[in-house]
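When a ligand or atom number is given, it counts from 1 through the structure's own listing order.
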Amino acid sequence: MHISGDGLFTKKCHSLLEKLLGVHKVLLTTSCTHALEMAALLLDIRPGDEVIVPSFTFVSTVNAFVIFGARPVFVDIRPDTFNLDETQIEKHVTSRTKAIMTVHYAGVGCEMDEISGIAASHGIPVVEDNAHGLFGRYKGKYLGTFGRLATQSFHETKNFTCGEGGALLINDANYIERAEIIREKGTNRSRFFRGQVDKYTWVDVGSSYLPSDILAAFLYAQLEVREEIQAKRKRIWEYYYEHLQGWARDLGVRLPVVPPYCEQPYHMFYIVLPTLEQRQAMIEYLNEREINSVFHYLPLHLSEMGQRFGGREGD
Ligand SMILES: Cc1ncc(COP(=O)(O)O)c(C=O)c1O
């Protein structure tokens with residue numbers, strides 16, 4: 001039985017996702033963080049390059065580029081969806097900008113028409129960190145299919161999971177061959193297995209980014225029943241949204257905003273409380289009733305590392 005990487009179930013996951021999403025190539029990875037690192041390697045990120053990123057995101061969106069020497073250029077988010085504010089991007093573009101990172105917060109799409117337009121006019125690739133957004137759509141098109149590259153997470157916290165896992169989505173066929181090499185420790189092993197070369201060898205930089213087929217089997221079983229999983233999440237999300245309206249209005253609590261042209265995958269139900277004290281009290285109140293809730297991202301430009309890149313309060 002084949003239980004290392006790229007066995008039967010990995011291939012099943014690849015072809016299912018490629019077919020459903022309409023993506024040139026899907027490669028399962030050991031995490032979304034690792035898929036983001038692969039994106040940085042594929043874009044040849046080098047010291048001194050700049051990457052436009054939202055400050056309100058998970059550390060990996062940024063770190064995957066910083067480890068190759070990039071300088072993160074933090075951009076503010078929109079107050080409604082908490083996604084990258086498309087009106088703030090252009091003024092941060094310089095001759096060193098090598099990528100624009102979009103994070104579809106809670107699986108609700110960023111303003112991709114505007115962002116793709118800005119990126120195209122400057123010839124800068126867009127990379128979608130779609131950790132939250134598998135099967136979400138923006139104006140009818142799947143998230144993860146807009147950027148040259150996109151990444152998914154199959155971490156325990158996500159809608160579909162294998163504990164730890166992810167995927168790289170490749171929408172530009174020019175990246176496919178090198179992506180396979182980078183994922184296979186810098187060797188052309190994938191070509192060898194397809195019979196395209198008679199022995200495999202070290203041809204480029206790379207690492208071990210392919211997950212065990214056991215994880216892929218665990219994931220595939222969920223992808224097979226994706227409609228049931230999504231329908232249940234939708235039911236729960238809509239129940240909260242409907243029944244919390246009056247409570248939220250009375251207490252000044254902000255409920256999620258989902259633009260009508262965004263179909264969300266019901267990854268998260270978030271609320272914004274008026275004060276930090278109320279937020280803490282809410283988390284404790286729920287915890288006492290054995291309901292787990294957490295606070296979410298702290299702006300990265302104000303983190304210890306973010307401040308080293310010049311992030312300041314009020315930016
Ligand atoms: C936006 C975003 N990007 C990347 C990641 C990292 O995902 P992983 O744990 O699969 O590396 C997360 C994790 O939750 C995330 O929220």
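- Here's the thing with Phe154: none of its N/O atoms is less than 3.5 angstrom from an N/O atom of ligand 1.
- Between Thr187 and Thr201, every side-chain heavy-atom pair lies at or beyond the 4.5 Å cut-off.
- Heavy atoms of Thr157 come nearer than 4.0 angstrom to ligand 1 in no pair at all.
- Applying the side-chain contact (heavy atoms from CB on, under 4.5 Å) test between Arg189 and each of Lys199, Arg194, Glu184 identifies Glu184 as the sole match.
- For the pair His155 and ligand 1, the shortest N or O to N or O distance does not fall below 3.5 Å.
- Residues Gln278 and Tyr285 have side chains that never bring a donor and an acceptor to within less than 3.5 angstrom of each other.
- Distances between N or O atoms of Glu164 and those of ligand 1 include no value under 3.5 Å.
- Residue Tyr105 does not touch ligand 1, judged by heavy-atom distances below 4.0 Å.
- Atom NZ of Lys234 has 12 or fewer heavy atoms from other residues, nucleotides or ligands within 6.0 Å.
- Residue-level proximity to ligand 1 for Ala131 is carried by the side chain, the only part with a heavy atom below 4.0 angstrom.
- The aromatic rings of Tyr297 and His132 lie parallel to each other, their planes meeting at an angle below 30°, with 60° marking the opposite boundary.
- Atom 12 (C) of ligand 1 has as its closest protein heavy atom Phe58 CD2, 3.5 Å.
- The distance criterion of under 3.5 Å between nitrogen or oxygen atoms is met by Lys158 with respect to ligand 1.
- His24 has its side chain out of reach of Glu18: every pair of non-hydrogen atoms, C-beta onward, lies at least 4.5 Å apart.
- When heavy-atom distances to ligand 1 are checked against a 4.0 Å cut-off, His34 has no atom that comes that close, whether in backbone or side chain.
- Ranking the protein heavy atoms by distance from atom 16 (O) of ligand 1 puts Tyr297 OH, 2.7 Å first.
- Residue pairs meeting the side chain to side chain donor-acceptor pair (under 3.5 Å) criterion with at least one member in residues 25-41, sequence neighbours excluded: Thr30-His34, Thr33-Ser60, Glu37-Tyr209.
- The shortest distance between side-chain heavy atoms of Leu223 and Phe160 falls below 4.5 Å.
- Dense packing is recorded around CG of Leu251, with more than 12 heavy atoms of other residues, nucleotides or ligands lying under 6.0 Å away.
- The backbone N or O of Leu300 lies less than 3.5 Å from a partner atom in the side chain of Ser55, making a donor-acceptor pair.
- At least one heavy atom of Gly165 sits less than 4.0 Å from an atom of ligand 1.
- Shown in contact with Val103 at under 4.0 Å from a heavy atom are these atoms of ligand 1, numbered in order with element: 1 (C).
- For atom 4 (C) of ligand 1, the closest heavy atom belonging to the protein is Asp129 OD2, 3.5 Å.
- Residue, atom and distance of the protein heavy atom nearest to atom 7 (O) of ligand 1 are Cys32 CB, 3.3 Å.
- Cation-pi geometry between Arg178 and Tyr175 is not met: the NZ or CZ atom fails to fall both under 6.0 Å from the ring centre and inside 45° of the normal.
- Inclusion of Thr33 in the set of residues having an N or O under 3.5 Å from an N or O of ligand 1 is warranted.
- At least one N or O atom of Ser153 sits closer than 3.5 Å to an N or O atom of ligand 1.
- Atoms of ligand 1 found under 4.0 Å from any heavy atom of Ser31, numbered from 1 in the order shown, are 10 (O), 11 (O).
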